[in-house]
**Q** 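One structure follows; several queries about it will come next.
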Amino acid sequence: MNKKIKVITRWLAITMVCFLLFPSGILAVAPGSPGDQSTEIKTQENMNALLNEGSEQGNETSSEIETLEQVPVVNINENLDQQIVVIYADSGEDNVKDLALTTAEVVSGEQVSNRVDLIEVSDGTNIEALMAVLEQNPNVLAVDKNDKIEVTALPNDPYVVNGSAWQFQRIGADQTWDQVSNVDPVVVAVIDTGLNVNHPDLIGNTVAGYDFVTGTTNVVDLAGHGTAVSGCIAAVTNNGIGTAGISGLANIKIAPYRTGGAYSGDTQLDVAYICAAILKAAERPDVRVINMSFGGYGTFPSLAVAVNEAINAGKVVVASSGNEGESWNARVGQYSYPASYDHVISVSAINKDNARASFSQYNDRVDLCAPGQSVLTTAKSGGYEYASGTSFSSPIVAGACAVLMAADSSLDAGAVETILKSTALDLGTAGSDAYYGSGLIQLNQAVASINSSETVGTTYRTHVQNVGWQGWKYDGQISGTSGQSLRLEGIDIKMNNLGNDLGVEYQTHVQNIGWQGFKSNGQTSGTYGQSLRLEAIQIRLSGAAATDYDVYYRVHSQNYGWLDWTKNGGSSGTQGKSLRLEAIEIRIVSKGAAAPGSTNRPFII
């Protein structure tokens with residue numbers, strides 16, 4: 001029922017009750033004597049005095065609340081410090097009846113969903129003590145003060161063809177737009193300010209959601225943020241207009257959940273509505289991914305519970321790392337939530353130069369990065385706009401997660417995250433870091449790794465004389481050059497382990513240095529910028545699953561050409577001959593499987 005209708009209905013009901021009880025027309029109750037105590041308040045044990053400390057007692061008309069229809073609808077924009085969010089373990093129409101609350105304690109409320117209530121308590125009620133009592137209820141998962149959380153945007157297909165939508169080329173989405181075709185849609189729940197469902201570049205790419213602000217299924221977007229976020233994921237591809245989403249032609253839909261954004265430019269979302277939306281999305285089997293382009297610096301117990309429910313339901317949960325990364329910001333380097341919760345993919349933002357956007361929040365919870373500065377996307381007006389903020393890097397990663405699940409429906413959340421991390425372009429310091437996480441997503445390589453015939457495999461790249469870092473290669477592909485007399489100077493290797501406990505370690509023999517010591521999982525072995533050649537390499541697997549696989553590799557060496565294969569830590573190349581490595585090939589096979597070729601002469605001394 002529409003919230004405005006609910007308000008009118010409730011006031012009519014309340015007025016009618018008052019006239020029935022007081023036919024003389026008296027609508028106010030005279031206060032009782034200071035010593036009177038209401039006999040209707042039924043909180044646990046001896047909490048009455050504490051809960052109502054400082055308030056007048058003796059309200060003879062207070063009654064126990066059986067349903068929130070008994071009180072006016074709460075105004076989420078007023079008296080926020082008196083509002084509490086209650087999340088229930090069980091779904092039910094009127095869970096509030098089990099809380100033993102009274103109309104003396106509750107002045108307004110709203111059943112946001114079958115598992116979330118928003119309650120405004122009276123000024124005279126001790127809110128902390130009441131929350132402590134409610135937490136003891138066996139059907140209550142979390143009790144939290146209501147709050148507002150900011151979206152992480154900054155103030156502020158022709159576009160794909162002419163290069164304006166630079167984000168697609170940067171992450172390889174320009175190579176995958178027509179590579180994935182799935183029958184059953186993969187749904188991304190976008191919890192935000194809503195959606196302009198009539199945008200010409202989004203029509204057909206949406207499914208039912210919910211507008212918690214109006215209490216209807218007719219979702220709107222007055223603020224515009226949700227429409228911009230959704231366009232990054234699923235703007236229609238190959239329709240001859242505007243831009244395109246990361247999803248390309250894959251069957252990916254948006255389920256919009258409006259949790260705030262009361263007017264144009266409003267950047268605040270309501271915690272109670274957010275929690276209800278997450279729980280709704282967690283219950284839906286068609287929803288595989290949840291995007292949350294917002295964040296705050298409280299711990300938000302109710303939000304943590306809702307996010308954990310989604311994670312336990314197997315959803316991929318993606319969130320923006322935050323926009324407080326400037327050195328002058330008091331929040332710089334701090335944890336923003338929900339991005340910093342365990343098992344949430346935290347996404348930072350880069351600019352066109354593959355450098356961290358100056359505003360992008362950083363900390364050791366950042367998992368991946370994506371374009372987030374001057375990103376072209378859909379606007380609430382029905383047109384297009386450039387948007388900046390980690391609000392827009394997050395949906396690009398969320399969309400990439402959906403594409404991988406569309407390519408292989410058997411992938412779970414852990415496998416999706418692992419694939420994106422193992423195929424990411426490492427930026428900043430070698431390996432995972434606080435600014436870029438595991439690196440910039442490379443959707444083309446992630447999709448290719450899924451389509452590989454191997455269960456697991458490696459991705460690797462080499463730093464080549466006069467060329468620099470080459471693109472990432474996959475199992476059985478050649479990285480480097482041959483016939484050009486160019487030396488390899490460095491190498492990075494990552495493991496696409498598809499959720500297995502399997503890593504990779506490697507060391508190189510470098511001109512004038514010798515064996516460098518083992519590096520692992522995306523770190524650089526060798527040098528670059530020093531004009532030193534690689535002469536040999538050793539590669540081995542690590543982790544509990546290492547006993548299930550063999551890693552084979554061979555190198556192209558100056559004057560010798562391709563040497564034979566070796567495996568599991570054996571030396572490949574030459575030593576003491578001052579000969580450069582020029583290329584390498586790596587393959588992962590099941591333990592005991594036949595070698596890819598001859599193993600007679602992998603190393604020459």
**Q** Dump the intermediate steps for side-chain contact (heavy atoms from CB on, under 4.5 Å) on Val74 and Ile119, then the final yes or no.
**A** CA-CA 7 Å; Val74 66; Ile119 297 169; over 6 Å; no
**Q** How long is the straight-line distance from CG of Leu420 back to CD of Gln442, given to the nearest 0.5 Å?
**A** 10.5 Å
**Q** Decide yes or no for Tyr435 and Val366: does some side-chain heavy atom of the first lie under 4.5 Å from some side-chain heavy atom of the second?
**A** no
**Q** With a 4.5 Å heavy-atom cut-off, do Asn114 and Glu93 have their side chains touching?
**A** yes
**Q** Among Asp221, Thr377, Asn196, whose side chain to side chain donor-acceptor pair (under 3.5 Å) with Thr227 holds?
**A** Asp221
**Q** At what distance, to the nearest 0.5 angstrom, does OH of Tyr362 lie from CG of Asp433?
**A** 12.0 Å
**Q** Using side-chain heavy atoms (C-beta onward) and a distance below 4.5 Å, is Asn218 in contact with Asp211?
**A** no
**Q** In Å and rounded to the nearest 0.5 Å, what is the CG to CG distance from Leu118 to Asn146?
**A** 5.0 Å
**Q** Find the distance between CG (Leu303) and OH (Tyr337) and round it off to the nearest 0.5 Å.
**A** 11.0 Å
**Q** I'd like to know whether Lys473 forms a side-chain hydrogen bond (donor to acceptor under 3.5 Å, both in side chains) with Thr458, so could you lay out the CA-CA distance, the side-chain angles of the two residues, the decisive distance to 0.1 Å, and finally the verdict.
**A** CA-CA 8 Å; Lys473 303 296 182 180; Thr458 55; over 6 Å; no
**Q** Check the pair Val416, Met405 against side-chain contact (heavy atoms from CB on, under 4.5 Å), reporting the backbone distance first and the verdict last.
**A** CA-CA 8 Å; Val416 167; Met405 289 180 144; 3.8 Å; yes
**Q** Quick one about Ser264 and Asp266 (side-chain donor to acceptor, distance below 3.5 Å, no hydrogens or angles considered), yes or no?
**A** no
**Q** Any luck finding a side-chain donor-acceptor pair between Ser479 and Thr462 under 3.5 Å?
**A** yes
**Q** Using the ring centroid of each side chain, check whether Tyr257 and Tyr210 are separated by less than 6.0 Å.
**A** no
**Q** Cys369 and Leu427: side-chain contact (heavy atoms from CB on, under 4.5 Å), yes or no, with the steps?
**A** CA-CA 9 Å; Cys369 63; Leu427 300 176; 4.1 Å; yes
**Q** Restricting to salt bridge (Lys or Arg N to Asp or Glu O under 4.0 Å), what partner residues turn up for Asp492, sequence neighbours left out?
**A** Arg461
**Q** Can you find a pair of side-chain heavy atoms, one from Ile345 and one from Val317, that are under 4.5 Å apart?
**A** no
**Q** How would you list all residue pairs meeting salt bridge (Lys or Arg N to Asp or Glu O under 4.0 Å) that involve residues 397-418, not counting sequence neighbours?
**A** Glu417-Lys421
**Q** Would you compute the distance between atom CG of Asn75 and atom CD of Glu110 and round it to the nearest 0.5 angstrom?
**A** 10.5 Å
**Q** In Å, rounded to the nearest 0.5 Å, how long is the span from CG of Asn251 to OG of Ser247?
**A** 9.0 Å
**Q** Might you work through the side-chain hydrogen bond (donor to acceptor under 3.5 Å, both in side chains) test for Tyr341 and Asn308, ending with a clear yes or no?
**A** CA-CA 9 Å; Tyr341 291 136; Asn308 194 55; over 6 Å; no
